[in-house]
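All heavy atoms count here, side chains included; hydrogens, waters and symmetry mates do not.
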Amino acid sequence: MFRTKLAVYTRDEKVDPVGACVGLRGQRVKNIVRELNNEKVDIIRLGLEHQDFPDQRLGARPAQVF
């Protein structure tokens, strides 16, 4: 079973980037999950601390950053 990680960011402080991707009652993310054959999707807010992103957001085994 796979799990997709989607990091989102916005320059507009009035916009919630995670909420914008999830959509009303989760409809936007449901469409994405359906297209991915019901693969799990984690939507994560990407902050200004990009160097901490793999360690804090992806779990015990951080991704290798190229």
Residues passing the salt bridge (charged side-chain N to carboxylate O under 4.0 Å, His left out) test with D16, sequence neighbours excluded, are R45
Quick check: is [Y] connected to [X] through a chain of hydrophobic side chains (ILVMFWY, heavy atoms under 4.5 Å apart)?
X   : Y   : result
Y9  : I43 : no
V18 : V33 : yes
I32 : I44 : no

Let me check something: any side-chain donor-acceptor pairs from residues 20-30 under 3.5 Å, sequence neighbours excluded? List them with distances.
from : atom 1 : to  : atom 2 : distance (Å)
Q27  : NE2    : N31 : OD1    : 3.4
R28  : NH1    : A20 : O      : 2.6
K30  : NZ     : R25 : O      : 3.4

With sequence neighbours left out, the residues meeting side-chain hydrogen bond (donor to acceptor under 3.5 Å, both in side chains) with T4 are E39
CZ (R3) and CG (D42) are apart, to the nearest 0.5 Å, by 4.5 Å
